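Working notes, structure below.
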Amino acid sequence: MIPAGHPAVPPPRIGVLLVNLGTPDGPDARSVKRYLAEFLSDPRVVEIPQIAWQPILRGIILNTRPKKSAHAYAQVWSDDGSPLAAVTKAQALALKDAFGPEVMVDWAMRYGNPAISDRLRAMKDAGCERILVAPLYPQYCAATTATANDKAFAALAAMRWQPALRTLPPYYDDPAYIDTLANNVRKGLSALDFVPDAVIASFHGMPQRTLELGDPYHCHCRKTARLLGEALGMEMTVAFQSRFGRAKWLEPATDTTLEAMPARGIRKVAIVAPGFSADCLETLEELAIRGRESFVASGGTDFAYLPCLNDTAEGIEMLRTLLSRELEGWRRAA
């Protein structure tokens, strides 16, 4: 029995927080600059001593890159805002009632809004005594998965009464993910009016140094592509996109791969992005727009970008399967 005058205590609940990378608040240079300042100041993202990196970031990059990036964002922005935020929100809404009335599902961005710390605090205030933080990155990378978890742990460090916390592990080779991904690609290929000479699996790039330091990301990407190719009964061409700076990055690069293909007789291409759980700037602008332009300019005749799983029924069911597994022992059997 709660004594008189005791602060109100909500009934105990369980929380599931979907987390994705992040997005600026708008497709304008000022918003992009604010977003990039947070993103590129993360030592997990740029592994250069801050005393050396911050003058470069503040003096050069943040005074030149935001305008260019804002133009790119403007090409994919919609009435719902950033595609990454819109899709992640839609995924959370689709999973709202997937785990029973005692489970609350929300979403957050590692950089930008809604912030991880704000949503964890809201979940705790709503009575969530146990929270599953789910970074939606199939392949583990310190610059994505780890930094999302870092932010969640830091938020707990500021709480007097902490909830219990679990994190979603990478699912790069999970049969539920591979099967759903293969079905999505198969469906996308069947809808095309041409037969591709090659299918490219494009993953977000990382500096080569991360592999040498022990990050499993490159191996996870390669295994995803291999398993996807086996499920589809075809060979996948693996490439890595979104290079930044002068350091050596994982190869081969997606842009140079696309540009070299027509000269080798590969003039019809389909491209898929198995490292992204939701379509975003890197898929809709970098691949679907700029990738097409460079491929056609190099002599290609047919190009198709196949969308991510997003909030499709199959994609949501796959997430429900993965999240249900991690919630075992915390909730009553469905």
Side-chain angles (χ1 to χ4, degrees), residues 18-42 44-46 56-93 107-116 118-119 135-137 141 143-144 147-148 151 202-206 239-245 249 253-255 258 271-297 303-311:
L18 307 183
V19 178
N20 227 313
L21 186 75
T23 179
D25 294 326
D28 58 277
R30 178 174 293 183
S31 297
V32 172
K33 183 175 183 177
R34 185 167 57 247
Y35 166 73
L36 289 178
E38 181 184 8
F39 175 51
L40 296 176
S41 292
D42 188 340
R44 289 273 198 188
V45 174
V46 180
I56 299 172
L57 176 63
R58 305 286 171 175
I60 301 173
I61 295 172
L62 292 182
N63 290 313
T64 58
R65 191 174 178 88
K67 184 176 180 180
K68 180 179 178 181
S69 294
H71 174 73
Y73 273 108
Q75 295 185 73
V76 299
W77 213 264
S78 72
D79 292 341
D80 295 324
S82 156
L84 181 64
V87 171
T88 308
K89 179 180 180 180
Q91 290 169 328
L93 288 173
W107 63 286
M109 293 283 137
R110 169 58 184 89
Y111 311 100
N113 296 304
I116 292 173
D118 292 344
R119 300 325 301 155
L136 297 184
Y137 309 112
C141 183
T144 54
T147 191
K151 200 69 173 178
S202 181
F203 296 89
H204 199 289
M206 287 298 296
F240 296 90
Q241 63 186 88
S242 309
R243 290 170 296 174
F244 176 76
W249 282 56
T254 301
D255 53 358
L258 283 170
I271 191 164
V272 62
F276 297 86
S277 60
D279 276 309
C280 55
L281 182 74
E282 286 78 9
T283 65
L284 299 177
E285 192 273 339
E286 186 176 355
L287 294 181
I289 297 176
R290 283 193 284 133
R292 176 191 297 274
E293 291 173 351
S294 61
F295 181 68
V296 172
F303 177 98
Y305 167 69
L306 307 181
C308 294
L309 292 174
N310 294 323
D311 60 332

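Since we're looking at a predicted model, the values are computed, not measured.
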| request: Check the pair D80 / K89 against salt bridge (Lys or Arg N to Asp or Glu O under 4.0 Å), numbers first and verdict last. | output: CA-CA 10 Å; D80 295 324; K89 179 180 180 180; over 6 Å; no

| request: For D255 and R243, run salt bridge (Lys or Arg N to Asp or Glu O under 4.0 Å): C-alpha distance rounded to whole Å, both residues' side-chain angles, the deciding distance at 0.1 Å, then the answer. | output: CA-CA 10 Å; D255 53 358; R243 290 170 296 174; 2.6 Å; yes

Where [X] and [Y] come nearest, the two heavy atoms and their spacing:
{"X": "C280", "Y": "F276", "answer": "SG-CD2, 3.6 Å"}
{"X": "A90", "Y": "D311", "answer": "CB-OD2, 3.3 Å"}
{"X": "A70", "Y": "D28", "answer": "CB-C, 3.7 Å"}
{"X": "C141", "Y": "M206", "answer": "SG-CE, 3.7 Å"}
{"X": "E38", "Y": "G112", "answer": "OE1-N, 3.0 Å"}
{"X": "G26", "Y": "V32", "answer": "O-CG2, 4.1 Å"}

Can you tell me how far [atom2] of [Y] sits from [atom1] of [X], rounded to the nearest 0.5 angstrom?
{"X": "S294", "Y": "I289", "atom1": "OG", "atom2": "CD1", "value": "12.0 Å"}
{"X": "L281", "Y": "L84", "atom1": "CG", "atom2": "CG", "value": "9.5 Å"}
{"X": "R34", "Y": "N113", "atom1": "CZ", "atom2": "CG", "value": "8.0 Å"}
{"X": "L18", "Y": "S277", "atom1": "CG", "atom2": "OG", "value": "8.5 Å"}
{"X": "S31", "Y": "Y73", "atom1": "OG", "atom2": "OH", "value": "10.5 Å"}
{"X": "D25", "Y": "M109", "atom1": "CG", "atom2": "CE", "value": "11.5 Å"}

| task | Would you kindly say whether S202 and Q241 are connected by a side-chain donor-acceptor distance under 3.5 Å? | result |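 Judged by distance alone, the side chains do pair up.
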
| query | Would T147 and D42 count as having a side-chain donor-acceptor pair, cut-off 3.5 Å? | reply |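 Judged by distance alone, the side chains do pair up.
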
| task | Quick one: sort the Y35 and F39 rings into parallel, tilted or perpendicular, breaks at 30° and 60°. | result |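 It falls in the parallel class, under 30°.
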
Expected output: side-chain [X] to main-chain [Y] donor-acceptor under 3.5 Å:
{"X": "N63", "Y": "G59", "value": "yes"}
{"X": "R292", "Y": "F303", "value": "yes"}
{"X": "T88", "Y": "A85", "value": "no"}

Taking side chain as C-beta onward, heavy atoms only, is [X] less than 4.5 Å from [Y]?
{"X": "F244", "Y": "W249", "value": "yes"}
{"X": "Y305", "Y": "D279", "value": "yes"}
{"X": "F203", "Y": "T254", "value": "no"}
{"X": "V19", "Y": "I116", "value": "yes"}
{"X": "R290", "Y": "F295", "value": "no"}
{"X": "I271", "Y": "L306", "value": "no"}
{"X": "L36", "Y": "Y111", "value": "no"}
{"X": "H204", "Y": "E286", "value": "no"}

